[in-house]
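Any value given below was found using the heavy atoms of this structure, including those in side chains, with hydrogens, waters and symmetry copies removed. We name chains A, B, ... by the order of the sequence lines, and we start the count at 1 in each one. Not measured: the values here are computed from a predicted model.
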Amino acid sequence: MNRLLLRTSTIARAFSRSYATAASPHALVFLEHYRGKLDSSSLSALTAASQLGGQVTGLIVGAPEELPIVLEQAMKVKGLDTVLHASSGQYSTPLPELVTPLFEKLLSEHFPSFTHVVSAHSSSAKSILPRVAAKLDLPAISDVTSVQHDLSSSSTTFTRPIYAGNAISTVRASESIPIKFFTVRSTAFPAAPPGEAEAKTESLDPVQVSDPATEHVRTILTKSDRPDLGVASRVVSGGRALKNAETFRATLDPLADALGAAVGASRAAVDAGYADNSLQVGQTGKVVAPELYMAIGISGAIQHLAGMKDSKLIVAINKDPDAPIFQVADVGLVADLFDAVPEMVEKLKQ
Amino acid sequence: MRPSAVRLLNILVPVKRAVDFAVKIRVNPQQTGIDLNVKHSMNPFDEIAVEEAVRLRERLKDAVKSIKVVTIGPPKAAETLRTALAMGADSAIHVEIPEDAPSPEPLAVAKTLRELIARQKEGVDLVIMGKQAIDDDAGQTGQMLAGIMDCAQATFASKVEVDVQGKVANVTREIDGGMEELKCRLPVVITTDLRLNEPRYASLPNIMKAKKKPIEKLTPADLGVDLTPRLETLQVAEPPKRVASVDELLARLKEAGITAKQA
């Protein structure tokens, strides 16, 4: 894994070298999918990988029935040179214990070697990448918001939020780290669009795990016809002031519908049972950065702000003029939300 | 790691002393880090881990043989261990590092824990730890430990049930868009999410009792681990401030098609 590659892509380069030079980056991007569609957050990871400069190879794992459709999409995404794919019944739910051996094999055997391993900071990928990195005795960098690779020093510099986003840390992984693992905050990188050229594809043999230590029993997803909170361009979010689950829905749904927005919730609202925990926005919930974030009856605890303060336009409605949310809101309305929201809905419909 | 020979559980709970969650942190003028002259306490997710271990004992009774807590930290980190002992842990291990040493990285922590686990004569069946520390927000240590021990992992647990006879943990975890149920063979590394439980406050009698519980002191050298960071922190800065003129604001509101009523 410590092999240095000699790139001879141009004659001029070959003549200018008299010693082994730094390898051009080669990133492996883990592309996740659900029900036949590539995850948008994986496409953000791809954008980050492309910013390293150099080659980008995608990796898709899944059950035999689902792979062909996903592969079709992946081939057409901008920024991918090659898409590797492995299918197995074991990959229908890609548990870390089942997928790690494939990563290990790929990283030790593939030529040209990978210099970076990239994924979204999704609950699944962030459970996998550190496990793989540790097995290779390598560190990982989580939830990066920017990435920059320096070819001459073979070092990559990242920024990432710390202390719930109250500070930004700039971290460098030097050439002493032969493969740099990182997960990407999807709101910091736009999803890679469809491209012109089609990527090559290459099938990989799955690495079956005999007698896995973990068994997947079931997955329960909260169904919604609304845009997915993680990728919606508009979010209407409610707090504890919404009284109960029924009032939460009755008040916010019409506004969300009128705006074509996803619905989010503060931790207080989720803990009080007004909304499902998959709607939680905050340091320990989802981080969102939509075009429009409306905080309705949300006081603005630090942990909630960490989840939405990169939103382009923050509108806050709260009865309390001293609520901390007004410090980050672009537009603040001190009012009773039970008056203000229905009025907004009415005026929006006009 | 070797699970215990008899059907009893040995639980290990790694905890971290971090800046208290309520502190408003300030970046230092040199932009090398934050001002650490503030209140510290046990990482909230690790508190949840200690609580879960104690609740497992309350549910499974004698089937839980031991609850050990461990921390890697400066001398002051002993306070964090005392808190855990007051919550109900039996004994503690303090891997002591110098006051001015940088906080160890997740991989170094994982390696240290592995060495410790290898030295536990009675084995370790469950490692329960926080999903992330609220200072670095890295969220990697549990996965790394499970990786280097090549054992089962269940991250972001919102519910834990242990079948001691069957040597299996049934864990419900929080994932993007919902929940997932896993069945993990022991030994397993579980990382805790917010909704797993609400940690207790230690009662005064328990705080007094905790003073007599043993804390074993070790150094990284005793365990043969090198905690030298492998990543360099070049800078720590304040996040960019929002800037908007009134005109820009009104224009953007108009663009988004929102009308607001002034109170």
Side-chain angles (χ1 to χ4, degrees), chain A residues 96-97 100 122-124 126-127 130-135 137-143 157 161-174 176-177 213-222 228 230 267 277-278 283-284 291-292 313 315 328 330-331 333-335 340 343-344 347-348, chain B residues 19 21 24-25 27 34 105-107 110 134-140 143-148 150-156 170 174-185 188 193-195 230-239 242 244 249 252-253 256-263:
Chain A
E97 295 88 332
T100 297
S122 63
S123 57
S124 41
K126 68 190 183 190
S127 299
R131 184 183 175 105
V132 177
K135 273 173 172 274
D137 196 31
L138 293 167
I141 299 104
S142 301
D143 205 18
T157 302
I162 56 173
Y163 289 96
N166 283 294
I168 307 292
S169 177
T170 304
V171 171
R172 179 167 61 203
S174 74
S176 66
I177 297 165
T214 300
E215 186 193 312
H216 172 254
V217 175
R218 62 181 180 146
T219 298
I220 311 154
L221 292 178
T222 330
D228 178 46
R267 181 190 155 182
N277 66 5
S278 60
Q283 182 186 16
T284 56
E291 297 297 308
L292 171 68
L313 187 68
V315 176
V328 288
D330 299 297
V331 184
L333 177 60
V334 181
E343 190 186 324
M344 278 189 69
K347 292 185 173 170
L348 278 167
Chain B
V19 173
F21 80 94
K24 188 163 168 59
I25 60 126
V27 175
I34 64 145
E105 292 172 348
L107 183 58
I134 60 166
D135 46 18
D136 59 32
D137 285 327
Q140 303 167 2
Q143 298 87 300
M144 289 188 157
L145 177 61
I148 59 180
D150 204 24
C151 70
Q153 62 178 72
T155 50
F156 327 130
N170 295 300
E174 303 200 12
I175 59 170
D176 297 331
M179 307 216 285
E180 187 178 77
E181 289 173 20
L182 300 178
K183 206 186 196 84
C184 300
R185 201 160 57 217
V188 61
D193 212 320
L194 214 50
R195 268 167 284 275
R230 290 170 68 180
L231 301 168
E232 310 160 58
T233 298
L234 302 178
Q235 186 196 48
V236 173
E238 298 246 318
R242 313 192 124 259
L249 217 70
R252 284 157 94 196
L253 265 182
I258 301 163
T259 55
K261 181 185 177 188
Q262 287 302 312

Is [X] close to chain B through its backbone or its side chain, or both, or neither, when contacts mean heavy atoms under 4.5 Å?
{"X": "A:Thr100", "value": "neither"}
{"X": "A:Ile220", "value": "both"}
{"X": "A:Pro96", "value": "side chain"}

With heavy-atom distances below 4.5 Å as the criterion, would you say the side chains of [X] and [Y] are in contact?
{"X": "A:Arg131", "Y": "A:Glu97", "result": "yes"}
{"X": "B:Val27", "Y": "A:Ile168", "result": "no"}
{"X": "A:Arg172", "Y": "A:Ile141", "result": "no"}
{"X": "B:Glu174", "Y": "A:Ser123", "result": "no"}

Checking the side chain of [X] only, and the main-chain atoms of [Y] only, is there a donor and an acceptor separated by less than 3.5 Å?
{"X": "B:Glu105", "Y": "B:Arg230", "value": "yes"}
{"X": "B:Gln153", "Y": "A:Ser127", "value": "yes"}
{"X": "A:Ser174", "Y": "A:Ser176", "value": "yes"}
{"X": "B:Asp135", "Y": "B:Val19", "value": "no"}

For this session: Assess whether side-chain contact (heavy atoms from CB on, under 4.5 Å) is satisfied between A:Ser142 and B:Gln140, documenting all intermediate values.
Result: CA-CA 8 Å; A:Ser142 301; B:Gln140 303 167 2; 2.8 Å; yes
Please classify the contact between [X] and chain A as side chain, backbone, both or neither, with a heavy-atom cut-off of under 4.5 Å.
{"X": "B:Asn170", "answer": "neither"}
{"X": "B:Leu182", "answer": "both"}
{"X": "B:Leu194", "answer": "side chain"}
{"X": "B:Thr155", "answer": "side chain"}
{"X": "B:Ala110", "answer": "neither"}
{"X": "B:Leu234", "answer": "both"}

Problem set entry | Distance in Å, A:Thr284 OG1 paired with A:Asn277 CG, rounded so as to fall on 0.5 Å steps |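 Atom-to-atom, A:Thr284:OG1 and A:Asn277:CG are 10.0 Å apart.
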For the candidates [options], which exhibits the highest count of non-hydrogen atom pairs separated by less than 4.5 Å from chain B?
{"options": "A:Asp137, A:Ile162, A:Thr219", "result": "A:Asp137"}
{"options": "A:Ser278, A:Ala173, A:Pro130", "result": "A:Pro130"}
{"options": "A:Arg218, A:Lys126, A:Glu291, A:Lys135", "result": "A:Arg218"}
{"options": "A:Pro161, A:Ser122, A:Ser124, A:Ala140", "result": "A:Ala140"}

If you count heavy-atom pairs within less than 4.5 Å of chain A, which of [options] leads?
{"options": "B:Thr233, B:Leu145, B:Ile148, B:Leu231", "result": "B:Leu231"}
{"options": "B:Ile25, B:Asp193, B:Val188", "result": "B:Ile25"}
{"options": "B:Gly139, B:Cys151, B:Ala154", "result": "B:Cys151"}

